[in-house]
Amino acid sequence: MALSACSVGPSNINPIASKTPSFSFKSLKFPPLWPTQKVKMGPLSVSPMGFGTWAWGNQFLWGYQEAMDTELQQVFNMAVENGINLFDTADSYGTGRLNGQSEKLLGRFIREFQEQKGSKSEIVIATKFAAYPWRLTPGQFVNACRASLDRMQIEQIGIGQLHWSTANYAPLQELALWDGLVAMYEKGLVKAVGVSNYGPKQLLKIHDYLKDRGVPLCSAQVQFSLLSMGKDQLEIKNICDSLGIRMIAYSPLGLGMLTGKYSSSKLPTGPRALLFKQILPGLDPLLSSLRDIANKRRKTMSQIAINWCICKGTVPIPGVKSIKQAEENLGALGWRLSADELLQLEYAANQSPRRMIQNIFQTR
């Protein structure tokens, strides 16, 4: 298993939302059974939604400050207590002197949670190792894995993921990194391996390469949402389904564009503002559809967008940095959109002239 943390029982609560998507979460309650529901991800059993920790340590894009750590610990505790056991991070998460901060915080939060609760539960840490240009050999990639283990102070990582492919610009390095994944798996440093930002062609190649080495490919992490559901994403999903690979959907809320909290006249602070200014004016059909379904279901737009990802058979990992966000994200579980609602959302997405820009490291 990835890591032992603490044993938690299910919550005995059921979602109550207000008349509009923007409501107070003080009375938020979840179904009594959903925390026990898990999906298979290779040899692991994970919650149908995980939490992403890109913001933990990132000052540039997400405005992280160390004063936030107390609330982030509360976010982590709330997640585990409500059945979430998958946490996604990366050795590159954290800016400047805070590089690796996300992993450090996760390790610390797990230890403190164990001490407070005095019992254990399986927590799956999925961390990504950057394909830095100085990581040229399998041994250097294994050393990166060991460094992550040291930062988190754990014995084994749940899923060790290659953060991006170098096939487009350094194909020889790509093979060394694949061998590094094999080595960390064979040494027992990770329980499973996965990839991130791989397109259909490279996904098939690495799957076959690892299979020949006796290493199953557990997961493929892709930018996937109602803003990012193009031909490549759907092809990747079909490949994952046919090969038994679990698809992890990152940025399921389009960096916040699908939350309904922003408009052309109300932009986020920081570098996201420029992107939002370009894309939001072309999202009226999709945002209107999200708002309509959210009002009818007495959910939030965020919950609708996350639930759409779950209904498409992926495990979404929305980012979270506050108690309010954690509570709202948890409200996306325990229910499912209808087939008609899924079609309505996808039609509206196709009618919206704007799409999310793709990760520059995404391969074909």
Side-chain angles (χ1 to χ4, degrees), residues 41-42 50 52-55 58 61-62 86-94 102-103 125-135 141 144-145 148 157-181 184 190 192-210 215 217-241 243 245-255 275 309 312-319 355-364:
M41 191 173 286
T53 64
W54 182 17
N58 189 303
L61 192 63
W62 300 108
L86 175 65
F87 295 87
D88 181 79
T89 183
D91 64 358
S92 61
Y93 285 178
S102 175
E103 289 184 334
I125 302 298
T127 196
K128 299 180 289 295
F129 308 114
Y132 291 135
W134 54 86
R135 290 177 176 169
F141 214 46
C145 179
S148 289
I157 290 165
I159 309 172
Q161 305 164 98
L162 177 51
H163 204 156
W164 65 83
S165 168
T166 66
N168 289 344
Y169 60 91
L172 293 179
Q173 183 188 11
E174 176 94 338
L175 287 175
L177 298 178
W178 291 1
D179 286 338
L181 286 177
M184 62 181 72
V190 301
V193 301
V195 293
S196 178
N197 297 309
Y198 267 62
K201 293 180 181 178
Q202 282 301 109
L203 181 60
L204 285 169
K205 287 180 182 178
I206 190 172
H207 169 270
D208 292 347
Y209 186 87
L210 294 176
V215 179
L217 184 61
C218 164
S219 61
Q221 194 169 141
V222 181
Q223 181 176 219
F224 185 76
S225 71
L226 282 162
L227 266 181
S228 183
M229 45 173 265
K231 179 182 175 183
D232 278 358
Q233 284 85 3
L234 298 179
E235 187 176 352
I236 292 167
K237 181 64 173 62
N238 288 335
I239 291 170
C240 287
D241 290 346
L243 297 177
I245 302 167
R246 180 66 66 175
M247 186 162 144
I248 300 174
Y250 76 79
S251 292
L253 299 176
L255 297 179
L275 180 65
C309 291
K312 302 306 286 188
T314 74
V315 175
I317 48 169
R355 294 287 184 275
M356 189 64 170
I357 60 169
Q358 296 304 299
N359 193 305
I360 60 171
F361 290 112
Q362 180 75 34
T363 59
R364 297 295 294 172

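We use all heavy atoms of the structure for the numbers below, so side chains are in, but hydrogens, waters and symmetry mates are not.
G194 approaches L181 most closely through the heavy-atom pair O-CD1, 4.3 Å. Among all heavy-atom pairs drawn from I157 and I125, the shortest one is CG2-O, 3.5 Å. The two residues Y93 and T53 come nearest to each other via the heavy atoms CD1-O, 3.8 Å. In this structure, S165 and A167 approach most closely via the heavy-atom pair OG-N, 3.0 Å.
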Take I317 and W54 through the test side chain to side chain contact (heavy atoms under 4.5 Å, CB included) and record every step on the way to the result.
-> CA-CA 10 Å; I317 48 169; W54 182 17; over 6 Å; no
Where do F224 and K312 land on the side chain to side chain contact (heavy atoms under 4.5 Å, CB included) test, with the steps shown first?
-> CA-CA 10 Å; F224 185 76; K312 302 306 286 188; 4.0 Å; yes
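To the nearest 0.5 Å, the span separating CD1 on I248 from CG on L86 amounts to 6.0 Å. To the nearest 0.5 angstrom, W178 atom CH2 is 9.0 Å from L162 atom CG.
In this structure D91 satisfies the side chain to side chain contact (heavy atoms under 4.5 Å, CB included) test together with E103, F129, A130, R135, A144, S148, R151, sequence neighbours excluded. By the side chain to side chain contact (heavy atoms under 4.5 Å, CB included) test, L243 pairs with L204, H207, I239, I245, sequence neighbours left out.
Counting only N and O atoms by type, the side chains of Q223 and N197 include no donor and acceptor under 3.5 Å apart. Inspection of the Q161 and T127 side chains reveals no N or O donor paired with an N or O acceptor under 3.5 Å.
Although no hydrogens or angles enter the test, the distance criterion places a donor-acceptor pair under 3.5 Å between the side chain of K128 and the main chain of T89.
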